[in-house]
Amino acid sequence: MIVVTGARGFIGSAVCAALRARGDRVVTVGRGPDANVAWPPGEAEFDTAALTVLAGARAVVHLAGESIGVRWTEARKREIVRSRVVNTGRLARAAATVIPTPAAFLSASGVGYYGSRGDEWLDESSSTGTDFLSEVTRLWEGATEPAREAGMRVVCMRFGVVLGPGGGMLAKLRLPFSLGLGGRLGSGQQWLSWISLNDLVRVVLRLIDHSGIEGAVNVASATPVRNEEFTATLGRVLRRPAVLPVPAFALRAMFGEMADGAALASQRVRPARLQAAGFVFDQPTIDDALCAALKSPGR
Ligand SMILES: NC(=O)c1ccc[n+]([C@@H]2O[C@H](COP(=O)([O-])OP(=O)(O)OC[C@H]3O[C@@H](n4cnc5c(N)ncnc54)[C@H](OP(=O)(O)O)[C@@H]3O)[C@@H](O)[C@H]2O)c1
């Protein structure tokens with residue numbers, strides 16, 4: 001049995017579908033009426049009844065978190081932090097309380113951990129950044145500590161930008177690009193570390209099954225691209241011009257701190273630990289990933 005949070009989300013729904021397709025029983029923790037277990041209100045801990053579902057799980061796959069792809073108001077920033085740090089902490093404490101504890105605790109994280117680092121290659125041993133997202137990510141990963149202390153195999157999955165149908169960044173970009181209104185963001189020189197949704201799901205299943213991997217894992221392809229290359233490729237795959245750049249000042253006006261913290265941030269990430277484990281990507285290039293996501297057979 002696998003416990004999944006954020007199960008209704010873009011990534012969670014694909015992970016749950018893949019788990020069920022291979023015969024795993026999935027128990028969800030969430031906010032909606034369809035969740036098997038509800039998050040406790042406010043900052044309360046899980047009660048005994050809720051805890052029983054965690055006992056003996058093969059893995060907890062924790063994906064819940066308030067979206068960061070919007071303007072960061074102060075209230076939104078508080079919820080971005082709370083939904084990750086508080087929820088990860090109480091889920092990890094709950095998993096640590098039950099007997100037997102789940103074997104593995106896989107927690108979402110992001111390449112935002114590294115901050116904005118220009119052309120520098122970043123692997124799992126690279127230092128963290130100093131901006132808001134780096135700070136959140138550090139606290140988010142740190143909140144898994146009770147699970148590690150209780151002997152669980154904890155993996156912090158530092159996701160790159162996930163490219164797939166029906167959600168994530170492509171859901172936001174598809175309409176403007178389809179209308180011919182797409183273009184690079186700012187200088188277009190910033191690096192985008194990305195992974196196809198299909199490969200991400202394969203990585204999550206591998207991390208559930210592979211008892212030799214723990215700690216931080218970069219879940220991104222081995223071929224990050226500059227924003228200008230991403231933009232040109234997306235235009236080509238959609239057969240639309242993508243020549244209307246969005247200046248940095250306009251992004252800052254629209255999205256505030258999120259512009260520099262995410263849209264203009266540069267992360268050139270190497271999936272060193274996945275490569276060491278021999279993981280082979282189904283979509284190794286940005287063309288492959290965008291064609292697969294947008295169901296375009298040609299380019
Ligand atoms: N998509 C990406 O490109 C990407 C990149 C890096 C990291 N990540 C991380 O991966 C995780 C999953 O991403 P996603 O793209 O699947 O996100 P998503 O589609 O926005 O789904 C996130 C899920 O988190 C739960 N959630 C949202 N706001 C919440 C809140 N305030 N309190 C408690 N739960 C909340 C919801 O679960 P329920 O409503 O079902 O309970 C929702 O289904 C997130 O933590 C995200 O930061 C994603």
Side-chain angles (χ1 to χ4, degrees), residues 3-18 26-44 46 50 60-70 72-73 75-91 106-114 132-141 143-144 155-173 192-201 203-204 207 216-221 224 230 258 261-263 265 267 269 271 286 289-290 293:
V3 176
V4 180
T5 77
R8 290 186 303 179
F10 169 53
I11 296 173
S13 51
V15 167
C16 289
V26 174
V27 170
T28 61
V29 178
R31 302 176 300 176
D34 52 338
N36 300 114
V37 178
W39 286 107
E43 302 200 357
F46 283 94
V60 176
V61 180
H62 174 40
L63 300 167
E66 177 80 15
S67 173
I68 63 156
V70 289
W72 295 349
T73 60
R76 177 69 74 151
K77 281 167 77 173
R78 276 194 299 278
E79 188 54 17
I80 287 173
V81 178
R82 192 207 67 81
S83 65
R84 288 177 171 74
V85 182
V86 172
N87 284 352
T88 304
R90 52 191 181 165
L91 191 66
L106 275 49
S107 193
S109 175
V111 297
Y113 173 87
Y114 301 108
F132 169 69
L133 219 46
S134 310
E135 174 75 4
V136 174
T137 312
R138 211 164 42 245
L139 294 170
W140 189 12
E141 293 191 359
T144 63
V155 183
C156 293
M157 305 178 287
R158 293 183 183 156
F159 295 148
V161 168
V162 184
L163 302 176
M169 189 168 87
L170 281 183
K172 291 198 163 77
L173 294 183
L192 176 76
S193 285
W194 60 271
I195 183 165
S196 73
L197 180 62
N198 167 59
D199 277 329
L200 177 140
V201 169
V203 169
V204 172
L207 292 172
V217 176
N218 288 340
V219 182
S221 75
F230 171 79
M258 194 279 264
Q267 281 120 7
V269 166
I286 191 70
L290 291 176

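One-based numbering, in listed order, for ligands and for the atoms of each.
- Remark: side-chain polar atoms of T28 are paired, donor with acceptor, to backbone N or O of N36 under 3.5 angstrom.
- The two residues L192 and M169 make their nearest non-hydrogen contact at CD2-CE, 4.1 Å.
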Task: Chi angles and distances behind the side chain to side chain donor-acceptor pair (under 3.5 Å) call for N87, R90 - done: CA-CA 5 Å; N87 284 352; R90 52 191 181 165; 2.9 Å; yes

Identify every side-chain donor-acceptor pair in residues 194-201 under 3.5 Å, counting partners at least two apart or on other chains, and give the distances.
residue, atom, partner, partner atom, Å
W194, NE1, T223, O, 2.9
S196, OG, D199, N, 3.0
S196, OG, D199, OD2, 3.4
S196, OG, Q283, OE1, 2.7
N198, ND2, D282, OD2, 3.2
N198, ND2, Q283, OE1, 2.9
D199, OD1, R202, NH1, 2.6
D199, OD1, D282, N, 2.8
D199, OD2, D282, N, 3.2
D199, OD2, Q283, N, 2.9

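- Of the listed residues (R138, E141, H62), just one forms a side chain to side chain contact (heavy atoms under 4.5 Å, CB included) with S109, and that residue is E141.
- Ligand 1 lies under 4.0 Å from heavy atoms of G6, A7, R8, G9, F10, I11, G30, R31, L63, A64, G65, E66, E79, R82, S83, R84, N87, A108, S109, W140, F159, G160, V161, V162.
- Formation of a donor-acceptor pair under 3.5 Å by the T5 side chain with backbone atoms of A64 is found in this model.
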